[in-house]
Number of protein chains: 2
Amino acid sequence: MKGRLSMPTPSMEDHIEQIYMLIESKGYARVSDIAEALSVLPSSVTKMVQKLDKDGFLIYEKYRGLTLTSKGMKLGKKLVKRHDLLEDFLRLIGVKEENIYEDVEGIEHHLSWNSIDRIADLVLFLEENPELQSKLFELQQDSSN
Amino acid sequence: MKGRLSMPTPSMEDHIEQIYMLIESKGYARVSDIAEALSVLPSSVTKMVQKLDKDGFLIYEKYRGLTLTSKGMKLGKKLVKRHDLLEDFLRLIGVKEENIYEDVEGIEHHLSWNSIDRIADLVLFLEENPELQSKLFELQQDSSN
DNA sequence: TGAATGTATTTGCATAGGAAAAAATATCTA
DNA sequence: TAGATATTTTTTCCTATGCAAATACATTCA
């Protein structure tokens, strides 16, 4: 069982991830909140939500709202975990807070699960050995070019 | 001096990077070689090359070839360095060879130079302390889900 | 040199993503 | 409960990327 029926695109993942987080935190996900969080217009979210419904990630009733299917839930959870891991990683190696969110947003959709697993090991390792972080931080200087 | 006139898109960067590498290794870059390397059709490369000419990254003479401007050279060099760094990083933390190229291809366009600098520190640190790599490798086990 | 072959370019089409304005529906409040 | 307000959806348009077929050009070799 390898790459079943077409992977979700980056934008699809962004939406699923965001919807999952909104449902976790508030119990529901409105079009306008999703749009706000993703910095796109509500009309774009509506279009995407319709596609995600067609693809079985959620159930959409126009004007009334949406809920994630178990497929959508499972994926959402995984995506949020991945996102958090990557934020932890960048933070741990000393990337400035102002760059973290945008960078993670950019790369999260483009790493194999193999890479994610290896980065998870690394994060664990660095968290368990804070003295390594100090040594790492001593190297810091940037190229600013 | 911050974000001057519109950053190159990922596809633009891919082309510039590839053209730079071809010129380094063979002295010139043909449309068909670029297309081959990027797994797109020559017609797509022609279109992109025309845009890169318009944007001042290279000089294009139809049917005759192209050369990078100094702006294109400088960027190409930087992009190749970044690509190589990211390959080193993934390799160093134990990502399987079969995933490395594609992952780097995916993420290289989405990291701030701040993150790149920090990853460079980390790579240096791990290269200088091979015992850490061993310890890191002991953690390896994947989630395969 | 002049056809055959190899390359490059043009043209037309398709897809994904998203903006903006207009229309539809829902919700709130007086 | 009927407007007023807020939200969502539809429609139209745009940009970026890339494929495929048709065309143009360049090179080679007989």
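Letters A, B, ... mirror the listed sequences (proteins, then strands); counts begin at 1.
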Check your understanding: Any side-chain heavy atom of Phe125(B) sitting closer than 4.5 Å to one from Ile93(A)?
Key -> no
Point to revise | Per-nucleotide protein contact string for nucleotides 17-26 of chain D (B base, S sugar-phosphate only, - none; heavy atom under 4.0 Å) | key: BBBBB--BSS
Review point. Any side-chain heavy-atom pair from Lys51(A) and Phe57(A) closer than 4.5 angstrom?
Key: no
Review point. Any chance NZ of Lys26(A) has more than 12 other-residue heavy atoms, nucleotides or ligands included, within less than 6.0 Å?
Key: yes
Check your understanding: Does Glu128(B) pair with Lys135(A) as a salt bridge, N-O distance under 4.0 Å?
Key -> no
Exercise for review: Following the transitive rule for hydrophobic clusters with a side-chain heavy-atom cut-off under 4.5 Å over Ile, Leu, Val, Met, Phe, Trp and Tyr, establish whether Leu41(A) and Ile34(A) coincide in one cluster.
Suggested key: no
Exercise for review: Pick base, sugar-phosphate or nothing for Ser32(A), based on heavy-atom distances below 4.0 Å to the nucleic acid.
Suggested key: sugar-phosphate
**Study point:** Within 6.0 Å of CD in Glu102(B), more than 12 heavy atoms from elsewhere
**Key:** no
Review point. When you look at CD of Glu61(A), are more than 12 heavy atoms from neighbouring residues, nucleotides or ligands closer to it than 6.0 Å?
Key: no
Practice item. Go through DNA chain C in 5' to 3' direction and return only the first and the last nucleotide with some atom under 4.0 Å of chain A's heavy atoms. Key: dG17(C) to dT27(C)
Review point. Charged N to carboxylate O under 4.0 angstrom, Asp84(A) versus Lys81(A)?
Key: no
